Structure formats: C-alpha cells, structure tokens
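Values in this document were obtained by computation on a predicted structure and should not be read as measured data. Reminder, nothing fancy here: chain letters follow the sequence lines and each chain counts from 1. Values reported hereafter were calculated over all heavy atoms of this structure, with side chains retained and with hydrogens, waters and symmetry mates removed.
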Amino acid sequence: MAYLSMGESHRRITDYLNRFADAINYQDGDSLARLFSVSSDSPSLLSLADALNVFQDANRLIKQSEKFSQFGEVVAPFFRSLQCYRLGNLVDAYGAFEKASNAFIQEFRNWESGWALEALYVIAYEIRVLAERADRELASNGKSPEKLKGAGSFLMKVFGVLAGSCDLQGKGPKRVGALYVTCQLFKIYFKLGTVNLCRSVIRSIETARIFDFEEFPIRDKVTYMYYTGRLEVLNENFPAADQKLSYALTHCCLSKEANIRMILKYLIPVKLSIGILPKKQLLENYDLVEYNNIVEALKRGDLRLLRSALQENEDQFLRSGVYLVLEKLELQVYQRLLKKIYIIQKQKDPSKAHQVKLEVIVKALKWLEIEMDLDEVECIVAILIYKNLMKGYFAHKSKVVVLSKQDPFPKLNGKPVAS
Amino acid sequence: MSPNNAADPMLKPTMLPKSLRGYVERAFGRYKDDDAKRAACEAYMKDIITEARADGTLYTRDWDSEPLFTVPDSLSISKANIQTPTHASIPNYNKSPVRRSKSRWEPLAEEKMLEKPVSASNEIGKYGSWDRKTFSGYSATKDNSLSSFRFSGPQQRTPSKSAQRPMKRQRIVNGTGLTNNDDDASSDSDKEQSLTAYYSGAMALANNPEEKKRRESRSKRFDRGQGHRPDINYFKPKNAGPANLYTRRASALMLSKSFDDSANQAVEDIDWDALTVKGTCQEIEKRFLRLTSAPDPSTVRPEDVLEKALLMVQNSQKNYLYKCDQLKSIRQDITVQRIRNQLTVKVYETHARLAMEVGDLAEYNQCQSQLQILYSEGIEGCLMEFAAYNLLCVILHSNNKKDLLTSMSRLTPEAKEDDAVKHALAVRAAVTSGNYVTFFRLYKSAPNLNTCLMDLYVEKMRYKAAVCMSKSYRPTVPISYIAQILGFSNAADENGETELSGLDECLEWLKAHGASLITDNTGEMQLDAKASSSTLYMPEPEDAVAHGDSSLAVNDFLARTT
C-alpha cells in the first residue's frame, strides 16, 4: 500500500460523507446502495477503508458538521465495519455492520416512498454474506459459528418493517422489497439447514393481504419459486414442486445459464418421479450428466444401473437433497422390468402372457446380477400392485402374478407414484 | 395436565371459588402472629391449589369441610432436605422428601421457608396411595420389582387426597405408545417419588444379614477385571422379539408420565464452570439429588469410585429406575468434576443403552447428544454403534427428510463399512420403500440394540404390510406365511417355555387389527385378502379417550348413580 497521508485520508472520508448525505437528501437510492456494498471489494470502498485505518478518528469528522452528524448512528459503525473488514477481522466487521444496518432501518422506516429500497437490498445482501464469512472465521478458530443465525433474526426484523409499512390506503410502496429479503432469508436457512424456519415467512408472503405476488419484481419471484420448489422436493410433494420449479424455469432469463442449471438440478428428479424423462441433450447442455445413467435405467428397467448410479454420485445427491427422491425411482424401474418380461412373454405366447411366474422375475433379476429370493420378489410385486404400478393380483399358492388384460402397466402421466 | 401456575395470581380472591376462599382465610387465620408460618402456609396453599387445578377438583371439592393442614414448628428439617445424604453407608431414608413446589429452581432462601407442611406420616400415606395405583397399571412389566415392596410407614390416607391423581396421567401418543417429543424429559419428580418407595422398602431389606452377604458376593463380580467388553449380557434386550414392545411400552409409559418443565433440564446444562470440585466421597451407591448450588466435595465421588459405581450399575439386577437414578448421580459427579474421558463416554453409553432398552427415549436422547459432543472431541467409544442408533432414530422416530439427508451425508467412509451402520442404512432403505420382508429379516439379524429402535416401527410396518397384502393378493394368504415374514417368531419367556407360538401371536395381531380370516378346506387359517382390504384398521391405543381424560370417560359417567 502506497503511503497515505493524513490529508488524503481526511479528503477521502469527507468525500464519502458528502456523497452519503447527498444521496439521502436527494433521495438517490442507487448511489446510496453503492455506498454500502462492503463485500464487493470496490476500489472506492477499499480506498476509504485504508483512509479510515490511517486517520483513526473519523468520528470527530462526523460530529463536525450537522450535515454528517445526523446520520452518525449509521455511518460511525459502518466505518468501523469497513475498517475491520479491510484488516481481515470478519467477526467484528459483521457485528459493526449489523449495528449500522439497524440504525439504517430506523431511518428507513421514516422515509415515505420506496426510494431507498436498492440500498436496503444491498444491506440485506451484505448482512448475509458478511455473516457467512464471519462464521467461517469463527469455525476456523474453533468457536461456534452463530453469526449467520443472528443475521437470520435481523433479516426477519427487516421483513417485519417492510411488511408493516402501509400507508393510509393500506398499501405501502416499500412492501415490494419484502420478497428480496425473503429470498435472502431462504438462502440463510438453507445454508444453516434450518429450512423449517422458512415456513413462517412463506406464510406471510402467501397469505397476507398486503402482498400481491404479481407486484414483486420478476427476479425475486423466480428466486422465491426456486426455493419454495426445493422445499416441496424435500417434502416429496411432487406436483407442487413441479409447478414451482417450472415457473422458475420459464420465467428465468435464458442467459442466466447457471441459474437455469440450478433449477434443472431439482426439476429433473421431480419430473422423473412423475414419469417424464428429459432429453439427453438437455442434460448435456447444462452439465447435469449425473442424471444420465438414472434416465437410462428407467428406460431399460435396469435396477443394477440405477443402484450403481446412485452410489457413484451419492455424496452429491445427498448434499443437494435429491437422493431420497431418486431412490424412490426404484419402483418405476421394477415396473419397467416387469413390463419387458410381459412383452417378451406376449411375443412367445399371447394367451398366457398375462401370467408372470415369480421365478421368471427372480431369474431376470439374476441376469442383472441382483440376488433376490422368492419372498423378496413377492414383496416387491405386492408393493407394485398396491401402488397401482401394476394392475392385477398375486396368487400366493401358485406364485404367479396375474395381470389385468387391459393396461396392466399404467403410465404415471404426470402424477407421482401413490404413496 | 394444566400448566403450572405457581405465581401469586392463583391466590387472588377473584380466581377462587367461594368455599376455597373461606378455607384459605381459615388457614391463614391460625397464624396471625407468626410471619414465618404464614409464609409457609402460603407456599403450601399454592401447592394445594395447583394440584387441585391440575386434577380438576378445584371447583368441585368441598372446601368447607376440607381439613386444615398443620405447619410444623421446627425449621430445621428443610435444611437437611437441601443437602445430599451424609456419610452413612446406607443413606438415611427415614425422613420423607420435602414435597417440593413445582418450580424447582426457586432460590434457596425461599426453599428454607418452605417447611415440611405436613407431618411425616401424612407424606408417606400420600405416596402410599399413589403408588398403589401405580402397581395396578403396571402388572404387564416383568421388571417391576416395585410391587414387591410394602410401605413401612403408616397407611393413613388423607381423605381428600384419595380422589386425586387419577392413574391415567399416562400420556400415550400415537400407536407406538411412546412420547414422540424430544422435549419430554424423564420426569425427576415422578421417578423420585417411586424411588422413595423403592428405597424405603429396600432399606428394610438391606439391613438383614442375608442381604449383606448377597451384596458381598455381588461386589465380588467386579473383580472379574476391567475391560468389560460390550458384548456381555446387558447388551441384549431381555426378551428378544417384537412382542417385548408391550412390556417396554409399559415401563416407558410410567416414565413419561408427567411433563414437568422445570425437570427438563439435563444434568449437564447447569453452569459448572464456577463449581468444579475434586470429590472425596467413597460411596459406590449414591442416589441422584439435583444440585442447585456448589457441591460439597465430600458428597462427590472421585473418578476411581465412579468407575466402580459404573460397574456396580452394569452388573446390578435391579430395575431401570434404580439404574437410571444411579447413573444420573454418576453423571452429575462427572460433570461437576469436569471429567471428560473414556469413563464419561462409558457412562453415557451405558445409560443410553439402558434407556433404549426400556424405551426411555428422552433419557436416551440426552445421552446421545452428549456422546456426539464427546466423540467429536476425539474421545474413544463405540462410535459406530451409536452412529447406527442415531440413524435409526432419525429414520424411525422423526419424519424429517432434511435431518435424514444430513445424517446420511455426514457418515464417513469408515462408518459406511461398519456392520451396525450398514444395518441401520439397510433398515432405512427398507422403511423408505415399504419393503416389509427386508425389514423383518433385518430385525432378526440386528446387531447391538438396533432391535430396540426398530421396535418403534414394528407395529406400523406390520400394518402397512397387511394393507398392502390385502390389496395385492387374491384370494387368500396363509397366516403361516404372514407370521413368518412379519417377524412373529416363537417367543420364549424367561423360563424358556414357549408362551405363544408365532402363529397364534400373528392371529391375535391380525384380529386386533380387523383382518378378515377364513379357514380353508385343509384346516389352514387364511387371510381373506379382499374382505380385509375394507376391514383392516389401526386400533387406538388402549386407554385413549376422545377428549383425552379417561377418568372422565363417558361410560364411567353413565355408570355413576349420583
């Protein structure tokens, strides 16, 4: 770092203070937003941070003029945060930033229109990102990481402010910001693994009368549907998951390939569960090749391939949370296998095709290198019938599956397997 | 049970029925000049009122003729109750414990004021009446040695109290008969009361010469040497087989009786930083008395004594209540002295296993969370065994997919190779896919205590299987086949005689669940699949009543003539 004089430091700080005050006085939301984005490592903020570390007594400058001191509650802790950030002390950086944000919210409440929403968004984002980094620092020092949790509480408060911001007509301009904050909250809860906390904020968004979903910015709607779709996947509520993730997909800007990939990562297992297979080209375009073998296994009725595909990518599927969904595809694979046996039998002897002996199935599985005895296969057959993947019945004495003459293997057609 | 309301609003005149107000006035009127007694009187009144509210007699009791209690003269008894028992080799159980007000964490000063409100004989009488009722509902448990003890105290029952405490404070939640809520801690107060019964009876026995001799020979067992391998007898559940679920249920019900929130706190949650001591007490056997302040080193046992105490518990033939109490005492001594080593791990593992065997999930969960912390600090123990239990708990006890995914993703490659963990994962797969054949095969081959946890799901799995088979099989399924694949094995009782054949047990179970049965022309019993598909049902737990309080059951009401 080149030598920074006191004079230059003084200039940088007052320069920032002026821009800050002007942004507020002229209600320039975009400028104000830029002044808060600590983690962006923008040159102007970094150089300000250096200046602060040299000058050391910024508070005096703030108090000097009424123009600055009226925002002292916000700026003073913000400066501290910036200084800590520059010095690599993330835990203190977060703490100070939260204090600054708190003071900002108090001001924000009193401002009439939603001009400062952009700044609020930046603050919400920074709160989350700084908390994440602070937690990493805590963890690496052997302490327990609790900043992100605190960030969640803070953002809930912010949500409350936005939700409660109604004017006399009952609708306030600030409330459209609520969805952005919600999405930040989702990201926090997903990271922490406390996804059940999403419920309350979802309830507010979806049932409170002050919110009209269509009024929110499209970017936020896509993100919201993505996360709520993921929650439906976790709860194995496939029709709802399909609806939400598809919404996100169709409304997502095509150029945002990374986002599309993320949506597809969850949408594909959902589609598979309702019997819709993706084209191989799609998987390749978006680098989702881990699903290749699974799709193949479903097409061929190859249980061995499904199991090996699950095992090969086990860690990845567990982390993203789709493992259990993919595992459930086993029944569909069994169904396909049995259908193939039925088709082969039909070709040989159409009159007897609708009766499938249990031992034939056992043999077929053996060819796939899967050892299952009669009782186990009988159980699978019973489950397939029970879940309407096969129409017919099982005759225990003769150990024969008697299939219905009409449509013995009903297709899922967009509906999930009965549970 | 209604929430505790030990605050003053309870004594506000407007809240109480008129006759009760009169009672209160009469009670206080006796101690016009004695402030200490008035305070004690107030405390005792609060207790009475709380209890009356809890069992719904607040407005129905005839307060006008309710006898007044006496506040004893001496204050000295309360002090003795706060301290732990002294050095006598047999703890002095002659005095009955203070009947504490519900909030256990009141500051000491107030506790001193709470003199024993009733004379000693009345206290025992109260316990006598309560425990009698316990016994009647308890006959299912083979383990119940409480019933063999009589009370040494007078059997006087306070007439008004005999209507109290209906037996059915047992809470049965869902078909498994075990509370699902992780927050329900084993209640100290109830365990303590039954333990008092246990101990005061035990005291009579303990002193005779034969018992002393037996004790000596028992202690000689310790000399088998250290290094008790985990695969010794106390590992296997007492009766193998899913039938045992019912006996375990009974004990679990007894344990999960009340939800006294203040007793929820684990031994470990207290701030021990300020209280670390080095113990000097040499007693191997020591009751659990929750500390509310810095412990006296002479009452805390050092590590070597605790090792012996643990061995004693492991080899003891006494019932779970006793062992649980002893283990909690050991845990407290360990925590107070900040001992965190293999002994600590062994203690928690022992307690966890015992808790699991009887179905005391609350205690088990406490131990399991402590173990996770200890293991993560690198202390050696049966990590794999407990990793398997953890998995099984997540799968079978909660339906939280996120937790399951997290637990599975956290398994190390070594863990995935371990037999117990592999078994747990296989159970997981079977449960997820509804594969009953695999589930019951895994039950038979379960390592360690995995069966105990699987027991929680047996009923559900069997029912799902029955429903599935009813839909898919036509026309019938032999009962013998069902019995075989649903794990109805031939269960032997303790004497080695076959009590119920698997077939009979299966028949009973099917009937209890509404299955339609027929006999075919060879005389074999069959399940009529088609008919059963509309008659099968999951029965309600035995004494559940629509509005929850079976002492107010409709039939009972209609049977009354007054």
Open item on the list: Less than 4.5 Å to any heavy atom of chain A: does that hold for the side chain of B:Ser433, its backbone, both, or neither?
Closed with: backbone
TODO: Examine whether an atom of B:Leu404 lies under 4.5 Å from a heavy atom of chain A, and if so say whether it belongs to the side chain, the backbone or both; otherwise answer neither.
DONE: side chain
- [ ] State whether the number of non-hydrogen atoms from other residues, nucleotides or ligands found under 6.0 Å of A:Lys191 atom NZ is greater than 12.
- [x] no
Open item on the list: If the contact rule is any heavy atom under 4.5 Å from chain B, which residues of residues 379-388 of chain A qualify, in numerical order?
Closed with: A:Cys379, A:Ile380, A:Ala382, A:Ile383, A:Ile385, A:Tyr386, A:Asn388
- [ ] Please state whether the side chain, the backbone, both or neither of B:Met469 comes within less than 4.5 Å of a heavy atom of chain A.
- [x] neither
Task: Over all atoms of both residues, closest heavy-atom pair of A:His396 and B:Thr476 - done: CB-O, 4.2 Å
Open item on the list: For a side-chain contact (heavy atoms from CB on, under 4.5 Å) check, start with the C-alpha distance between B:Thr432 and A:Glu327, then their side-chain angles and the critical distance, and finish with the verdict.
Closed with: CA-CA 9 Å; B:Thr432 313; A:Glu327 198 187 43; 4.1 Å; yes
- [ ] For residues B:Lys401 and A:Asn235, determine if any side-chain heavy atom of one lies less than 4.5 Å from a side-chain heavy atom of the other.
- [x] no
- [ ] Sort B:Lys530 into side chain, backbone, both or neither according to what part of it lies under 4.5 angstrom from a heavy atom of chain A.
- [x] neither
TODO: Would you indicate whether B:Glu380, at its atom CD, is surrounded by more than 12 heavy atoms from other residues, nucleotides or ligands within a distance under 6.0 Å?
DONE: no
- [ ] Determine, for B:Tyr481 and A:Lys397, whether the Lys NZ or Arg CZ falls below 6.0 Å from the six-membered ring centre while staying within 45 degrees of the axis.
- [x] no
Open item on the list: Which label fits A:Phe394 and B:Tyr473: parallel for a plane angle under 30°, tilted from 30 to 60°, or perpendicular past 60°?
Closed with: perpendicular
Open item on the list: If you define the side chain from C-beta out and look only at heavy atoms, does anything of B:Val437 sit under 4.5 Å from A:Glu378?
Closed with: no
TODO: Name the region of B:Ser470, side chain, backbone, both or neither, that has any atom closer than 4.5 Å to a heavy atom of chain A.
DONE: neither
TODO: Give me the contact list for residues 369-377 of chain A versus chain B, heavy atoms only, anything under 4.5 Å, ordered by residue number.
DONE: A:Asp373, A:Asp375, A:Glu376
Task: 4.5 Å side-chain heavy-atom contact, A:Leu324 and B:Arg428 - done: yes
Open item on the list: For A:Tyr393, is the OH atom crowded, meaning more than 12 foreign heavy atoms sit under 6.0 Å from it?
Closed with: no
Open item on the list: Is it true that, when you exclude B:Lys416 itself, more than 12 heavy atoms of the residues, nucleotides or ligands shown sit nearer than 6.0 Å to its NZ?
Closed with: yes
Task: Residue A:Glu236 versus chain B: region with a heavy atom under 4.5 Å - done: side chain
- [ ] Among the options B:Val477, B:Asn400, B:Thr438, B:Val467, pick out the one with the most heavy-atom pairs lying under 4.5 Å from chain A.
- [x] B:Val467
TODO: Answer yes or no: are there more than 12 heavy-atom neighbours, outside A:Lys149 itself, under 6.0 Å from its atom NZ?
DONE: no
Task: Value rounded to 0.5 Å, distance of CZ in A:Arg319 from OG1 in B:Thr406 - done: 12.5 Å
Open item on the list: Taking side chain as everything from C-beta outward and backbone as N, CA, C, O, which of these in B:Ile485 sits under 4.5 Å from a heavy atom of chain A? Side chain, backbone, both or neither.
Closed with: side chain
